[in-house]
Structure formats: structure tokens, C-alpha cells
Amino acid sequence: METEYIKLDSASPDPEVIGRAGDILKRGGLVAFPTETVYGLGGDALNTEAARKIYEAKGRPSNNPLIVHIADMEHLEAIAAEIPEKARKLAAVWWPGPLTMIFNKKDIVPDATSGGLPTVAVRMPNHPIALELIRAAGGYIAAPSANTSGRPSPTIAEHVREDLDGKIDMILDGGEVRIGLESTIVDFTDEIPMLLRPGYINMEKLEEILGEVLIDPAILDENASRNIRPKAPGMMYRHYAPKAQLTIVEGGEKEVVDRILELAAQSSREGKSVGIIAADETAEFYKDYDVKNIGSRETDKEIARRLFRVLREFDDEGTDVILSESFETPRMGQAIMNRLLKAAGHRVICV
Ligand code: AMP
Ligand code: MG
């Protein structure tokens, strides 16, 4: 299949292109598009065949459900069986935005989309291209991240092309995404809401609106897949993994720098190419190596936005060994470290 690649103005996307992309989706085809979190691989969420194609293009296990993207609140009523008051309050603040909510589903949502679960994940993305496309496609787009399953999620359209060229109908290029990590997922199927995946909207922000919020214990357990079954099936899989062996070094600033330099020297002596991921504050200490400055700890938004991109850059360079600092920043630290730890297969050295 030939994949059509089209650049679009994010602020005011060309209606002719959006119309054509919408028609592809209505016919059961696949279109990748930008959202504010990461690029999504879209298919008609109410079409079993389209959902099947998404799993196939990504190489994603079919029991890992897809998030349904909507553009208008009425469309939530059509697919969710009950919508608790707390969910409505959260939506009023954060939709459109980087928030996915889980509800019991109505029958209209096919099992293929929900991965066989009786529930459905729903999000209203905050991006003009995404919102226009959802409307043009009839209201419901199932869209997992537009990467090959297991690879870092795409934050620019070029990443989508690397993974999915020839496998999908169209890629809409709207430039680099704003957030760079996938949405915060909150489950509303029990009395007390539960965080299933950390994201831009952190626990503090959720609690401000919801009061008590539980955390899926699987998020906090480094052996999640072995010990506790996460409620979001996707959290179980090895994910975001670069081709290189990635190790995180955690501890006080000086100790971390010293240990990373020591490990880098050792790998270099063994003839391996070494890459280092460091914050702006410490990047200069590693200047003898291929160091990527991921951004300042003070404004961790940049660290979040650049994380997946930096992992892919090391892949492109054929790096053998990546050593990364740890980024437990107060705002997005939980989301950043959730992705980085998975990418590292939980290989962490504490100093
Ligand atoms: P992605 O679309 O690649 O960001 O992945 C979607 C994430 O949402 C995966 O971790 C899924 O397992 C999770 N998810 C989707 N639908 C549900 C659901 N009904 N219940 C729990 N988790 C879900
Ligand atoms: Mg994904």
C-alpha cells in the first residue's frame, strides 16, 4: 500500500484534506494524525474491521484495547453506559485535553475496539487537526499511539513514517506534538476513581477535582507484569524500548555524574558506542561523550516532550549502550519515570 504523507497547518488544517482523510476512515482505512500528547493511528472505532487493521499495522496484541477519541460531549453518551458525576467534573476541566477516562461500554462499541473488555476508554484530544478529523470521520476514532508496538511513541510525523510507511493509508503531519507523553488514564468504573497511567495531568491535579484517587498498584511495582495484573492491559507490555541497552542511574547529582562517567568509560573500552541522556543542569559534565541534553529539571515539560524523540535518535545512530539520569521532577516526574523505566526494562542503578 502507498502511504500518502500530507503536511497540514496545525492551527487551521485544510478542510479539503481533512474531508479526504475522514472519507478514508469512514471506508475503514487508517490515518495517522497529531494530537497534543503523541501521534495517533486512527481507524473508525465502531468498525471491527478497522480495529483489526490497527492491531495488525502496529503489531499490537489484540487484547490491548484502543482509546476511542471523540470531539463532542454528546458522543460520550452514545458509547458509555454510565457517566459518574465526578467524570463529568473532570471532563469539564480537562476535555479537550490529555485525559482518558474508562467507563462501562455500550454495545455499539465493538469487542475488537475494547480488546474484549466490557469497558471503553474515551478521550477528547486538544488539537485542531484531531478534532476536525474526528468530526469528518463520523465522531469516533480509535487511535493508539502511531508506532510499531514496543517502540517509543511518535512525537513527530517522521517517527510515524519510520514505523508505518506502506502499512496505512495516510499520515497527517502537524509538526511536533506539545506534550510528548501519552494521556493520563483514569478508571471510573468503580466507586473511587483510579489512576491507571500517569501523564501530563498528575495526581495532585486529579485530586484537586476528584478528592480521593486510587493508584493502580501495578504502576508503582517495578515487576508489574509478573506480580500484579495492571488494569490497563497495555501497561503490562515492554514498551518504548530503544534498540540499545538502556540503564538509569539514580541518586545524588554528583554520585550520578561520577557513576555515569565510569560506566561510559568502561563501555567505550569494550568498544561499544555510548549515548548519555542528561538534564540541562548536568549535560556539560558528559561532553566527552555523545550526550543529549533533554531539558531543564526546572521546566520538566521539555523533558517529557523530548524523551521519546531522544530514544529514537539513539536508535538512528545505532548506539549500543544508553546511560540516563533519573528525572523524578515534582510535576511530570511520575509520568516521565513511568515511561523511562519501561524503556529501560527497569534496569536501574542506585548510587
Ligand atoms: P495507547 O493508545 O497506545 O496510548 O494505549 C492505550 C492504553 O489504554 C493501553 O495501555 C490500554 O491498555 C489502555 N486502555 C484502553 N482501553 C482500556 C480499558 N477499557 N480499560 C483499561 N485500559 C484501557
Ligand atoms: Mg502506545
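This is a predicted model, so every value here is computed, not measured. These numbers come from the heavy atoms of this one structure, side chains and all, not from hydrogens, waters or symmetry mates. We count ligands from 1, going down the list as the structure has it; atoms in each ligand are counted the same way.
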Tell me whether [X] contacts the main-chain N or O of [Y] through its side chain, where contact means a donor paired with an acceptor under 3.5 Å.
{"X": "D315", "Y": "K243", "result": "yes"}
{"X": "E36", "Y": "N126", "result": "yes"}
{"X": "T119", "Y": "I102", "result": "no"}
{"X": "E281", "Y": "R297", "result": "yes"}
{"X": "S268", "Y": "A264", "result": "yes"}

Could an N or O of ligand 1 be found under 3.5 Å from any N or O of [X], whether backbone or side chain?
{"X": "R60", "value": "yes"}
{"X": "I102", "value": "no"}
{"X": "E182", "value": "no"}

Give the contacting part of [X] toward ligand 1: side chain, backbone, both or neither, where contact means a heavy-atom distance below 4.0 Å.
{"X": "T100", "result": "neither"}
{"X": "L117", "result": "side chain"}
{"X": "R197", "result": "side chain"}

Compute both the distance and the angle, then confirm whether R161 meets the cation-pi test with Y5: under 6.0 Å from the six-membered ring centre, within 45 degrees of the axis.
yes

Ring-face cation of R151 near F308 (centre distance under 6.0 Å, axis angle within 45°):
no

Which is closest to atom 23 (C) of ligand 1 by heavy-atom distance: S183, G40, P65?
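Among S183, G40, P65, the closest heavy atom to atom 23 (C) of ligand 1 comes from P65.
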
Within ligand 1, which atoms have a heavy atom of A121 less than 4.0 Å away?
15 (C), 16 (N), 17 (C), 19 (N)

Going by the order shown, which atoms of ligand 1 are within less than 4.0 Å of some heavy atom of S145?
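Counting atoms of ligand 1 from 1, those under 4.0 Å from S145 are 1 (P), 2 (O), 3 (O).
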
Hydrogens and angles aside, do D163 and N147 bring a side-chain donor and acceptor to less than 3.5 Å of each other?
no

Considering only the protein, which heavy-atom contact is closest to [atom], and what is its distance?
{"atom": "atom 19 (N) of ligand 1", "result": "T119 OG1, 3.0 Å"}
{"atom": "atom 8 (O) of ligand 1", "result": "I185 CD1, 3.2 Å"}
{"atom": "atom 2 (O) of ligand 1", "result": "P144 CA, 3.0 Å"}
{"atom": "atom 21 (C) of ligand 1", "result": "K231 O, 3.3 Å"}
{"atom": "atom 22 (N) of ligand 1", "result": "A232 CA, 3.3 Å"}
{"atom": "atom 12 (O) of ligand 1", "result": "G234 N, 2.6 Å"}
{"atom": "atom 9 (C) of ligand 1", "result": "N64 OD1, 3.6 Å"}

Nearest-0.5 Å distance, CZ of residue R305 to CZ of residue R309
9.5 Å

Rounded to the nearest 0.5 Å, what separates atom OH in Y39 from atom CD in E158?
10.5 Å

If you take the centroid of each ring, where Trp contributes its six-membered ring, are H75 and Y140 closer together than 6.0 Å?
yes

Once the angle between the rings of H69 and F33 is folded into 0 to 90°, is it parallel (under 30°), tilted (30 to 60°) or perpendicular (over 60°)?
perpendicular

To check you understand the geometry: which heavy-atom pair defines the closest contact between Y55 and A112, and what is its length?
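It is OH-O, 2.8 Å.
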
If you measure from each heavy atom of P233 to ligand 1, is any distance below 4.0 Å?
yes

Keeping waters out of it, list the protein N, O or S atoms under 2.8 Å from the Mg ion (ligand 2).
S145 OG

Sort out for me which residue in N202, T37, L195, L196 forms a side-chain contact (heavy atoms from CB on, under 4.5 Å) with T184.
L195

